Structure formats: structure tokens, C-alpha cells
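Worksheet: one structure, shown below.
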There are 2 protein chains.
Amino acid sequence: MHMPKASRSTSVPVVTPRRRSSGQATLGDVAARAGVAPITVSRFIRDPRQVSDELRTRIETAVAELEYVPNRIAQGLAGSHSSAVVAIMPSLAHSVFAQTLHVLTQHLQQYGYQILLGNSGYSLAQEEDLLRTFLNWRPAALVLTGHNHTQGTAKLLAQLKVPVIETWDINARSPYFQVGFSHLHAGAAMADYLLDRGYRRVAYVHNCLVEDLRSAERGRGYSRALEKRGERPLIVEARGNTPFEAGGAALCALMRQKRRPDAIFFANDNIATGAVLEAQRQGWRVPDDIAIAGFGGFPIAEQLVPALTTLQPLHQQIGEIAAGIILQHYGQGHGDQMERRVDVGFEIARRESA
Amino acid sequence: MHMPKASRSTSVPVVTPRRRSSGQATLGDVAARAGVAPITVSRFIRDPRQVSDELRTRIETAVAELEYVPNRIAQGLAGSHSSAVVAIMPSLAHSVFAQTLHVLTQHLQQYGYQILLGNSGYSLAQEEDLLRTFLNWRPAALVLTGHNHTQGTAKLLAQLKVPVIETWDINARSPYFQVGFSHLHAGAAMADYLLDRGYRRVAYVHNCLVEDLRSAERGRGYSRALEKRGERPLIVEARGNTPFEAGGAALCALMRQKRRPDAIFFANDNIATGAVLEAQRQGWRVPDDIAIAGFGGFPIAEQLVPALTTLQPLHQQIGEIAAGIILQHYGQGHGDQMERRVDVGFEIARRESA
DNA sequence: TTGTAGGCGTTATCAA
DNA sequence: TTGATAACGCCTACAA
């Protein structure tokens, strides 16, 4: 038994060391119970093969009996990084980002990683702030959205030794992992599709999220495609309390113009849906009076009457691939691939509305 | 200058202690530079008023010069709690939870809290697992969904000394903070509304998420209301790849029954939307052939043709109120209220579909 | 394969 | 108000 040294010249017999702990079993507790040194348990936890069969059994028993769960905080402090994966999203109100996060969470959780969530509100400055804060958690990896960052962010990222993954966008010059697709190509592809279908006056309508650089990038792709075929681009901002309202309002505004478009490419399926429903209320026929196309491949698009033609990024896997990169970096999961740039691609879901 | 003690009787002159650190300035570095003890800097960081004016100035300078940023991991290990707030959600694929998280994040971020995100997939067992892991992070607060937990979860929660907030549901017996509304009442309210409108054969259709206890609770409310008025409840499960598909399929199935209902109450607006759109395809008139009501007050509901009657929980504030409780507990934010149970209530948005 | 010693960066406790 | 000391729970480096 452990006997605390007597305090100098006082007669106080035994002072129980007051513990600050949370009552959870620790590595030391397991070690004591199994009759081994703490470091052996530590090895067992990280890689059971490093421990002999006999000790392994004893430790396994002790772990089970004490319901021991490794303390990730302590691991993080002692090791070079924690088990936290930082994810910074521009918004969670958008279902696509929520979806990515959902999948990311699911995959990383089961391998013992935790998600530290940041919400940048489409602001690059906020992204940098969040990054500064999160780096103090010594994350095991970073998952960001897009490849546009402030200089400060770039500097911080450059010093990091853990994987950094940029999602949703692909850009040749980034030094980090990327999982996404080219929004420039996507915008051009939909514009080409509409032109090929015979529409000539094609407008592009996006939400007024100033900092959503990806929808702006699609707009650039759209513009280039139109100009290449001798048509004049028309980019309009939609405003409203909800994306549905915004889409409906934008449609009405465009239909009132003297030189009204014959097709509209919306920056996402929600505003496109708003437009389809507004057309229904107004009695405009889609696609005869006005063709409507969306972006995102949201589930609602397929159910609308008429069903919405949309550009569907194959983004379901973005979260999954991002998780895979992290797991593989740390030697977990199934080592499928490890390319620095994964283009998940997109396809045009050709339906009735355009 | 600091001189390391000579190792016992060896002639090795000076062994530079190898640092494993990441090169970041530590509390000790700041203390050395300011000529004070580390603990004094620690106090300064947590509450500058605890330090005399003179030392405060010196420490401030040192912090600035070294660009010192506290290590959250170490704080978490040594302190009674960290600056992380754990949020465990049943899913992020559902926009309502994503929304709550979105707001929670926004509010807590600006006060220096970080969100540790868990995804329980509607499983109480998983919730317990996540909780065990997350408790090692010594969170400053916990935000959970619902008041149903495993025994293990309950035991863990009972030991905690930080605020625990259950969201989305209200139940008188819980000892924790609660922010939400009564799903039992909500279900009954919509059933009563439909009965009051003259519908007699009212069915309830919910998604087949076995563990979504809240939609089941609304179903119970619906059943009670019907029985109280002498009608027979009919509860049906909707199945499909997407909620929209599921709603459409459920509608078709019900319309084919010999004793077909004259009104359907859907467990959420997405499946209700699927039903409205399916009715449109099938040529069934809503509400004349079949009345349709939803739950959730999703933005799409208002835009549909016909617009969807829905029960709208006033849930926008759930995340905000939860954040407020946490901030107030730690003496931050604006001290509005601090009731243990906040009923955000709901209202029936009466529209064309029922 | 197993163990010892010391450190990771901070805060709690107690004493001055 | 300030400081010395010992946690917090684990991991790295090195030795046996």
C-alpha cells in the first residue's frame, strides 16, 4: 500500500490524497487491476498486438470490468495531436453541408474521432477566427469548405502537420487534399445543356449570399459557356425570406422584363423549386413558357410537377471520402485510395422542366 | 539563466531537455518572460481582475509578444471543465436538427465555446456510447435531444455538475433543463383540428424511423384525441428512399384501401409534401378527395399548390434558448431567464390542404 | 515484451 | 495578491 509521507512534525496520521478526478476508471486503475504497468495497458489500447497473449487477456478483463474508456483529452495532451477532427462549414442551414457533416460524423465516430464543429457563416474572416481557436485543440485533421481562404488562414494551414481536406471544390493549385467537383465546369455544363436544347435567352439566378463563392463560380462557368456561343449572360440575384420565396420572386421579376428569358438556371434546387411552384400559381407553363433548371439534385426536385431538371453533383460521398482520407492517414479504415484530389463529378438529371 | 542539474556522476555537461511541444508559447513561457509564476498568468487568463495592476501590465505585454494562446486540451485536462459544449443529435439529415445545431453554433462560438458534435442515429445506445467518450472532454455543457435515455446515460448524467439541456421535447419528470414542446399535445392538437374541420377518418402516417420517439409521441397524442371523439385511429408507416417518395407511396396505399381515409396527418412536412405532389400526379384533388396535413412548418409547405396545412413548432429559438442557458450558467450573455423548462409551443398553420 | 522516468500545459489546493 | 506543489491521464524515450 501507498503511505504518504508524514507532514513535517505534525501528528496527522494519514492524509488521503484528494482526487480531482471524475470518478472514471483510468489507465492506472486498469493496470493495477491487471497487475501490470500503466504503459503496458497504454500499449494494449493503442495496439493489442504489442502485448503478450497472457497479459492481453488479463488487461482485456480489467478493461471490461472497470468499463474503462480512454481519456481523449489526456491522449491529446501527451501525444502530438488529439482525436478531434475540426470541420468548418459555411452553414448548416443548407442541407448539402448538413449532409456532408452527417456522413462525416457517422464515419469518424466509429473510429474514435470526435467532430469539433465550426460555422463560418460563409465568411472567410470568421473561418480564420475559428481556425485559430480550433488549433488549440490540436486536431487530428481539418475539414474545410472550399479552397478560398484568407492569408492568415493559409499561413496557419501551412504550418500544420495533420491532414487538411478542402471539400466541395476542386482547384489545381491547392496543396491540400480536395474532395469535390469543379463548380466552373458544372455551371458551364448546365448552360451548354440548355443551349443545346434550343434555349437562347438563358439567365442565371443565385441567392444573395455574397460569400458563397461556389455559386459565383458556377455563374462564371455559365457566363463563359454563353459567351462562347455568342449569347449574352444575365445574372440575377434572388431575394426572399426563404429560398423558395426568393426563387418565386426572381421568376416573377424576370418574366416581367421586356426581354424575358426563355430558360432560367437556378443556383440551387430550392430556389428553382420556388420558381416552379410560383409558375404553377401564376399559370405559366414549364417548360413551354419558361424552362427551369436547378442545381444540387435535392430530393424534392424529382417529385415536383413538372419534375425539375437539375445538375446533380455526386456529392453523397464527399463526407465519406473525406473521412476515408483521415482514417487512412492514421492507418485505420480500409486503405482504398489516397489521391490528393478526388473529383466526385456531377451529372445532369434531365427531367421535364427544361 | 536556468541551469539543468548535472546528471548523477556523469561528465555529460549540459543536456538540453528535448521538447516535444509544437513550438507554441506556453503559460510557462509567458510567466518566465513576465517574471511571475505560471499560476499567476493562469489567473490572469481566466480573470484579469485577480491580478494586481502592475503584474497585469507585464503579463499583458508578455502574452502579446509571445502571441500566447491557451492550450484547450491542457485546460480540459487540468480544469473542472473545458470550453467545449457537447451536442448529440439523432441525425443531421433532418433539417430541423441541422437548424438547431446551426443556431447553437452561431451563438456559442462568439462566446468562446466550441461544439463537439455527436450523431446518435436515433439510437439511445449510441447516445450512451457517445456520451461516455465526450465526458472525457470535460464539456462545459451538454445538449441532448429528447428526454428518453438508457439507464447508463441517466447514471452518467446524474453525476455531472455542468448544465444538461434536453431539447425538442418537454416532460415534467426530467431533472435537467428542457427546451422544446410537448409532442403529445402537438399530435392531439392536429387531430382535433382535422376532426373540427369535419374529417372523420383521419390517418396518421409516419416514417419508419423506429427510434424517432417524438413522432411516435405525436402519434400517441393523435390516437388519444381520436378515441376521445369516438373515432378509430389508424397509424401507418411510410417507406421509401426519400421522405418525398415515402409520403407519395403511403398516400397511394391508403387511397387504395376499401375504407379510405378522408384526411391524413403526416409526421413531417417532407412526407406530406411527397403526398401532395403524388396527389397532383394522380389527379386526386386536395383537400376534396383527400385532406393532407403535415408537421414541422418547413418552408416548402407554404409554397406548395395547394399550400400545406401544418403544425408549426416555434422551434427556431430552441438552439438560441439552449445557448442562452449555457451562457447564463457561466455568467455570460444577457441574463434574461433561466427556467428549467421552456415550452416554445406550436401553432397550426391553416392553409389549403386541410 | 515489459517497465521506469519524465514530460505534455494547465489548474486545484493550500500556504504565505 | 502571489506562489509552491501536486495533480489531471496519458504518452515518448530509453532501459532492462
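Residue numbers start from 1 in every chain, and the chains themselves are labelled A, B, ... in the order their sequence lines are given, proteins ahead of strands. Owing to the predicted nature of the structure, the values given are computational and were not obtained by experimental measurement.
With sequence neighbours excluded, no residue forms a salt bridge (charged side-chain N to carboxylate O under 4.0 Å, His left out) with R46(A). Every residue meeting the salt bridge (charged side-chain N to carboxylate O under 4.0 Å, His left out) condition with R58(A), not counting sequence neighbours, appears here in chain and number order: E54(A). Remark: R132(A) engages E128(A) in a salt bridge (charged side-chain N to carboxylate O under 4.0 Å, His left out) (not counting sequence neighbours). With sequence neighbours excluded, the residues forming a ring-ring contact (aromatic ring centres under 6.0 Å, His included) with H81(A) are Y330(A), listed by chain and number. Qualifying ring-ring contact (aromatic ring centres under 6.0 Å, His included) partners for F44(A), counting only residues two or more places apart in sequence or in other chains: none. Listed by chain and number, the residues in a side chain to side chain contact (heavy atoms under 4.5 Å, CB included) with D129(B) amount to none (sequence neighbours excluded). Annotation: salt bridge (charged side-chain N to carboxylate O under 4.0 Å, His left out) contacts of R173(B) (sequence neighbours excluded): none.
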Below 3.5 Å, can you tabulate the donor-acceptor pairs from side chains in residues 82-90 of chain B to any protein atom, sequence neighbours excluded?
from	atom 1	to	atom 2	distance (Å)
S82(B)	OG	A84(B)	N	3.1
S82(B)	OG	W137(B)	O	3.0
S82(B)	OG	R138(B)	O	3.0
S83(B)	OG	R72(B)	NH1	2.9
S83(B)	OG	Q114(B)	OE1	2.8

Between side-chain atoms of residues 59-70 of chain B and protein atoms elsewhere (two or more places apart, or another chain), which donor-acceptor pairs fall under 3.5 Å?
from	atom 1	to	atom 2	distance (Å)
T61(B)	OG1	T57(B)	O	2.8
E65(B)	OE1	R33(B)	NE	2.6
E65(B)	OE1	R33(B)	NH2	3.0

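Counting only heavy atoms from C-beta outward, the side chains of L157(A) and L131(A) approach each other to under 4.5 Å.
Tested against Q106(A) for a side chain to side chain contact (heavy atoms under 4.5 Å, CB included), the candidates Q110(A), H102(A), Q109(A) yield a single pass: H102(A).
Rounded to whole Å, the distance from CZ on F44(B) to P on dT10(C) is 14 Å. Rounding to whole angstrom units, CZ of residue R43(A) and C1' of dT1(C) are separated by 8 Å. Going from atom CD of Q24(A) over to atom P of dG9(D) covers 9 Å, rounded to whole Å. Here the P atom of nucleotide dT1(D) and the CG atom of D47(B) are 10 Å apart, to the nearest Å. When the P atom of dT10(C) is taken as reference, atom NE2 of H81(B) falls 17 Å away, rounded to whole Å. Computed from coordinates, the N136(B) CG to dC8(D) P distance equals 14 Å when rounded to whole Å. For R49(B) and dT2(D), the CZ to P distance is 15 Å, given to the nearest whole Å.
Proximity of a side-chain donor or acceptor of R341(B) to a complementary backbone N or O of N171(B) within less than 3.5 Å is detected.
Among the nucleotides dT10(C), dC11(D), dA4(D), the one closest to any side-chain atom of I39(B) is dA4(D). For L77(A), the side-chain atoms get nearest to dG9(D) when compared with the rest of dT10(C), dG3(C), dG9(D). Distances from the side chain of T40(B) to the nucleotides dC10(D), dT2(D), dA12(C) place dT2(D) closest.
Between the axis at the start and the axis at the end of the helix from dT1(C)-dA16(D) to dA16(C)-dT1(D) there is an angle of 30°, using five pairs per end and rounding to 10 degrees.
Side-chain N/O atoms of R138(B) and base N/O atoms of dG9(D) include no donor-acceptor pair closer than 3.5 Å.
Across all strands shown, L27(A) has heavy atoms under 4.0 Å from sugar-phosphate atoms exclusively, and none from any base. Looking at heavy-atom distances under 4.0 Å, R46(B) makes contact with sugar-phosphate atoms alone, never a base.
Listed by residue number, the members of residues 51-61 of chain A with any heavy atom below 4.0 angstrom from DNA chain C are V51(A), S52(A), L55(A). Across residues 64-75 of chain B, Y68(B), P70(B), N71(B), A74(B), Q75(B) each have a non-hydrogen atom less than 4.0 Å from an atom of DNA chain C (numbered order).
The residue among P38(B) and G79(B) whose nearest nucleotide of DNA chain D lies closer to the 5′ end is P38(B).
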